[in-house]
Amino acid sequence: MAARKPPPQRLVLALDCDCFYAQCETRRDPSLAGKPVGVRQKHLVITSNYAARAFGIRKGDSLAEVRRKCPQIVIKDGEDISHYTEVSNAWRAFVANFVGSRCPVEKSGLDELFVDVSAAVDAHGAGGAGEIGHVHGDDVLDDARLASAARLCDRLRQATKRELNLETSAGVSTSKLLAKTVAGLHKPFQQTVLADTPSNRRLVLPDDLPLRKVYGIGHSTAQQLASAGVATVGDLRDFSGPSSISDIERLRALARGDDASQVKQTGAPKSIGAEESFWTRPLQVPSERADEALKLLARKLVRKLAVDQKAHGARPLENVQLSARRAAERSGSPRALTSTLAEGPASAQREKTPGREAKSRPARARVGTLTDDAACEALASKLEADAAALLTALYPHGATLSILNLGVTLKTIDAAGHADISSFLTKRKAPAPRPPPPVPAPVAPPASPGTASTTGIDGAEVDPQTLSELPPEIRADIERQLALWRKTRRPPAKKPRRSSARPAPPPPAVDEAAVAQIVAMGFSRKAAVAALERVNGDVQRAIDGLLASS
Ligand code: DCP
Ligand code: MG
Ligand code: MG
């Protein structure tokens with residue numbers, strides 16, 4: 001019998017935005033184009049654009065150092081990352097929409113995505129427009145599927161630039177490990193493809209490569225391995241001694257260039273938090289300064305929740321959590337704290353996050369749509385009160401803190417996550433209004449008059465309100481797809497005709513999805529049904545009404 005053919009290799013893109021925070025700043029203030037721009041957090045410049053990097057500025061340089069290297073640099077404050085998160089979410093939705101729902105998109109950082117494009121390449125065959133980009137290692141790219149994936153990646157990156165005004169770089173290969181390893185080799189706005197051959201694996205994973213530079217080996221794992229005398233890729237490949245590290249086989253495989261991990265579709269985050277540190281001037285509790293810190297944290301958290309809502313819809317809160325770290329006993333200086341953390345076996349130190357103490361309680365606040373300042377302020381006040389109660393419960397006799405973190409966990413209504421932009425668009429869709437009582441509503445539920453087009457957008461499902469709130473570049477793209485959908489859709493199903501001998505009128509149809517959404521927010525089914533009936537099935541108005549009266 002002939003040996004079974006091995007399954008085709010996966011085709012993976014590792015995408016990374018160029019100088020992400022700095023690029024976001026230039027997007028929202030085009031007068032910065034062409035100028036050196038740096039983004040600061042505290043006294044460090046955490047990133048800068050490529051014009052600034054030409055002056056020798058590197059990520060993490062101090063503000064003073066940066067000004068010395070490039071006196072004319074424009075420095076933007078990057079403490080509030082909500083705008084960057086918003087751009088990141090819009091980018092992820094755009095990429096998911098571009099590749100289609102059969103290609104998983106995994107968020108691996110705010111400016112990083114993995115995309116498995118195998119299904120798209122195999123559906124459309126090899127070829128297609130687009131550039132392959134830089135070929136790393138072996139001179140000739142002798143793999144038609146991989147070349148196709150590279151062209152698809154180029155088209156995706158060009159469309160991202162055109163539609164979102166966002167420049168990205170990428171690595172293209174047959175696993176997350178290999179794609180990620182070459183993603184940063186040519187930047188900005190370029191891509192690199194790596195064929196999976198033995199010599200290429202050796203090239204990107206040379207024997208002397210320190211393990212912390214290998215994708216998939218975290219800092220603490222690298223430290224654990226180092227304490228067993230395994231510091232480089234070569235050491236790990238040859239390592240045969242006993243090890244207490246549970247996934248040593250996976251790590252050894254990584255050193256050989258084998259990465260079996262799949263690209264996993266990223267859903268909505270389960271928790272969201274906001275943090276402040278007080279290294280130089282630890283925070284006494286209770287104090288007015290602590291009250292002020294809680295006030296700011298609650299508002300920071302609500303800004304993040306509002307950004308999350310745009311991407312994933314309004315989700316009910318589950319718990320509110322406050323965690324804190326006490327300041328060092330003798331000195332509150334960052335140096336003293338850092339060295340305290342660095343001591344002792346790394347694993348135990350890191351996993352337990354020494355000094356972190358936390359308390360949580362079920363969330364009392366209900367979340368409506370956070371589209372205006374008043375709604376945000378109302379939620380922030382409730383969270384601030386929760387935070388104050390938690391802080392008192394955590395430190396009934398006072399304390400001095402170096403870190404304070406306020407977070408919430410959220411219920412996930414759609415456990416499957418949001419695979420593409422069509423679900424993003426329909427998230428806040430109100431059901432079609434039903435005729436008002438006492439005339440009974442037609443029996444048939446509002447059947448979708450259309451069929452999903454090849455673009456993945458079902459126009460019948462698109463909420464015009466949500467569409468109007470999207471960034472113009474994305475909106476234009478969706479509108480183009482809607483035009484296509486209108487051309488290809490089936491005519492709407494005819495309404496059943498009423499018979500002359502009228503049967504008993506059916507009970508009014510209840511939109512179960514709308515009811516479930518409201519029940520998930522903590523209201524009873526009866527209240528949900530009544531509220532929906534009062535506003536002719538408009539789910540958003542029903543929620544607003546319930547929130548106003550609760
Ligand atoms: N960032 C941060 N702290 C750091 C490094 C980065 O907060 N120590 C933020 C700012 C970056 C963003 O994360 O813009 C993405 O990090 P990258 O390492 O991808 O760096 P950039 O996107 O800024 O630049 P590059 O073009 O090298 O990817
Ligand atoms: Mg980047
Ligand atoms: Mg990055």
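Whatever order the structure lists them in is the order used to number ligands and atoms, beginning at 1. Both backbone and side-chain heavy atoms feed into the values below; hydrogens, waters and symmetry mates do not. Source: prediction; values computed, not measured.
Within 4.0 Å of ligand 1, the residues that place a heavy atom are Asp16, Cys17, Asp18, Cys19, Phe20, Tyr21, Ile46, Thr47, Tyr50, Arg53, Lys59, Asp111, Lys187, listed by chain and number.
No side-chain N or O of Asp116 forms a donor-acceptor pair with one of Gln262 less than 3.5 Å apart. One side chain, Gln191 or Arg157, offers a donor N or O that lies under 3.5 Å from an acceptor on the other. Side chain to side chain, Ser169 and Asp18 meet the donor-acceptor criterion of an N or O pair below 3.5 Å. Side chain to side chain, Tyr84 and Glu25 meet the donor-acceptor criterion of an N or O pair below 3.5 Å.
For the Mg ion (ligand 3), the set of protein N/O/S atoms nearer than 2.8 Å consists of Asp16 OD2, Asp111 OD1, Glu112 OE2, ordered by chain and number.
In this structure, Ile57 and Cys70 have side chains that are in contact, with non-hydrogen atoms separated by less than 4.5 Å.
Annotation for Cys24 and His83: closest pair O-NE2, 3.8 Å, computed over non-hydrogen atoms. Closest approach of Leu205 and Leu254 over heavy atoms only: CD1-O, 3.5 Å.
Less than 6.0 angstrom separates the ring centroid of Tyr215 from the ring centroid of Phe114.
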- Query: Given Gln190 and His134, is the side-chain hydrogen bond (donor to acceptor under 3.5 Å, both in side chains) satisfied, shown in steps?
  - Reply: CA-CA 8 Å; Gln190 295 175 72; His134 301 272; 2.6 Å; yes
